[in-house]
Number of protein chains: 2
Amino acid sequence: MQEMKVTVDVVLFTIRARALHALLVRRGVPPFAGQYAIPGGFVRREESLDEAAKRELYEETSVRDVYLEQLYTFGEPHRDPRSRVITAAYYALIGSERLDLMAGADAAEARWFPTQELPKLAFDHRKIVDYALERLRNKLEYTTVGFQLLPEKFTLTELQEVYEAILGKKLDKRNFRRKIGLLRILKPLRERRETGRKPAQLFRFAAERFVKLKEKGILFPF
Amino acid sequence: MQEMKVTVDVVLFTIRARALHALLVRRGVPPFAGQYAIPGGFVRREESLDEAAKRELYEETSVRDVYLEQLYTFGEPHRDPRSRVITAAYYALIGSERLDLMAGADAAEARWFPTQELPKLAFDHRKIVDYALERLRNKLEYTTVGFQLLPEKFTLTELQEVYEAILGKKLDKRNFRRKIGLLRILKPLRERRETGRKPAQLFRFAAERFVKLKEKGILFPF
DNA sequence: CCAAAAGTGTTAGGAGTACACCCATGG
DNA sequence: CCATGGGTGTACTCCTAACACTTTTGG
């Protein structure tokens, strides 16, 4: 019944250059000094775990209002060599258009790494990132988390690229569009993206409709 | 960075009389004295969260070797009126044939309640049970957790009753049997259950095959 | 011979997958 | 007029869901 230290750690994902990236910060102090770790810190006495995760993310990346979800709680006795630390791990998603918000970041050495090329991580953080990747891949197929990685306005090709980056495989363009269309969760805008070539139709996520879909058990079958 | 109390709480499920039941213990001391709660207790310094969950379950129900899975971690600042307590919630499944093991239970006032008729629960335990029910329903459809609620040898009707109890709806007998058959995860035994009427074929779960199925992404489509 | 649960196939509709060409634009 | 990415439809297969009767046994 002894008390223990409790932290939250957050795996922040985004899409850059058509690849899924995770944000890592370089540790300045032992243990694991010089190694990369996922952002996180101690839970305060008067805040919930969710609040702590939001606060830590804001303090270390100056990012707010992201999709945030609790992942799993890791509590092996010696996962931190200094003392017993229980960590509630979270993952978060941010649209690539909001990356510039990172400018004022507190943590001097924060960097995006492609999830395919992660460096050696401190503590058991590799396990946490792997778990987050697995959860993200699963949730992509039956929820709308994918939209959290896009700006408010996006093209169908951009949406497909999010799915391809996370699932790690090419999808058929026509099948992808038909299935998304059947879900009726996208609202076409009166705008097009001027991109050098043929302009592409822009859409936004129409979340209102999704509630009804969930009740009917209609999902994302990729 | 202050330290906090950390507990594990476990929702133990079983099937009785074709209905899903949860095990609750009556609290003898304040707060919430006299009310029912789910079994749980403090995590010790040198044990992992999983180990703590197994130990608490054993101490309060004298049950071992059950299916056990971490659910979610609840950490609202005032969920325990006495002090800050973080709880890693688990759920566990036990086959109905092992209920007699409960005889030597430590907790004097442990009782099974149908999940449809739960009493008022202490702390935020109602939220925990609801979350466990949701997880169980979801996992039933794409994993083999359902078998954990059955004895080693069971009939197809018994298996179907597990699915019906948890999903809360009747399933078509022929469709159910065809789908289970296609998965090829059941081994028919050279035994039948003599049950007064026409004897039913007994099966056991052939877990070996399931590994391969998971790799292929073949699931339980009910 | 009656009651009770076990066991068994077919059909129609919907979803998934594979696949190739034309279109609009800027340079 | 060419290069680039945007946009579109069909055919086949497979899974799902709906549906009713016969069999075996004990009493």
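Chain letters run A, B, ... following the sequence lines, proteins first and then strands; every chain starts at 1.
For an aromatic pair to be called close, the ring centres must be under 6.0 Å apart, and A:F123 with A:F74 fails this.
Rounding to whole angstrom units, CZ of residue A:R193 and P of D:dG7 are separated by 11 Å. In this structure, NZ of B:K170 is placed 17 Å from P of D:dC19, rounded to the nearest angstrom. Across the protein-nucleic acid pair, A:L183 atom CG and C:dA15 atom C1' stand 12 Å apart, rounded to whole Å. Counting to the nearest Å, the C1' atom of C:dT17 and the CG atom of A:L167 are 16 Å from each other. Distance B:L182 CG to C:dT8 P: 14 Å, rounded to the nearest Å. Spacing between atom CZ of B:R177 and atom C1' of D:dC21 amounts to 15 Å, rounded to whole angstrom units. Taking atom CG of residue B:L171 and atom P of nucleotide D:dC19, one finds them 15 Å apart after rounding to whole Å.
For the pair B:R27 and B:F32, the cation does not sit on the ring face, since its NZ or CZ is not both under 6.0 Å from the ring centre and inside 45° of the axis.
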Filtered N/O pairs between nucleotides 21-27 of chain C and protein, under 3.5 Å:
from   : atom 1 : to     : atom 2 : distance (Å)
C:dG26 : O4'    : A:G196 : O      : 2.7

Give each protein N/O atom lying under 3.5 Å from an N/O atom of nucleotides 9-14 of chain D, with the pair distance.
from   : atom 1 : to     : atom 2 : distance (Å)
D:dT10 : O4     : A:R178 : NH2    : 3.1

Item checked: Verdict with supporting geometry, B:Y67 and B:F147, ring pair (Phe, Tyr, Trp, His ring centres under 6.0 Å) -> CA-CA 10 Å; B:Y67 177 85; B:F147 296 101; over 10 Å; no
Check: Between B:F113 and B:Y36, is a ring pair (Phe, Tyr, Trp, His ring centres under 6.0 Å) present by the stated rule, with each step listed?
Finding: CA-CA 10 Å; B:F113 286 85; B:Y36 281 94; 4.8 Å; yes
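In summary, A:R55 and A:E51 do not engage in a salt bridge, as defined by a charged side-chain N under 4.0 Å from a carboxylate O. Under 4.0 Å is where a charged nitrogen must lie from a carboxylate oxygen, and between A:R204 and A:E152 no such pair does. We find that B:K54 and B:D50 are not joined by a salt bridge, their nearest charged nitrogen and carboxylate oxygen being 4.0 Å or further apart.
Ring geometry for B:Y163 against B:F176 counts as perpendicular: the plane angle is over 60°, on a 0 to 90° scale with 30° as the lower cut.
Backbone-only contact: B:T157 has heavy atoms under 4.0 Å from sugar-phosphate atoms and none from a base.
A donor-acceptor pair shorter than 3.5 Å cannot be found between the side chains of B:E69 and B:Y90.
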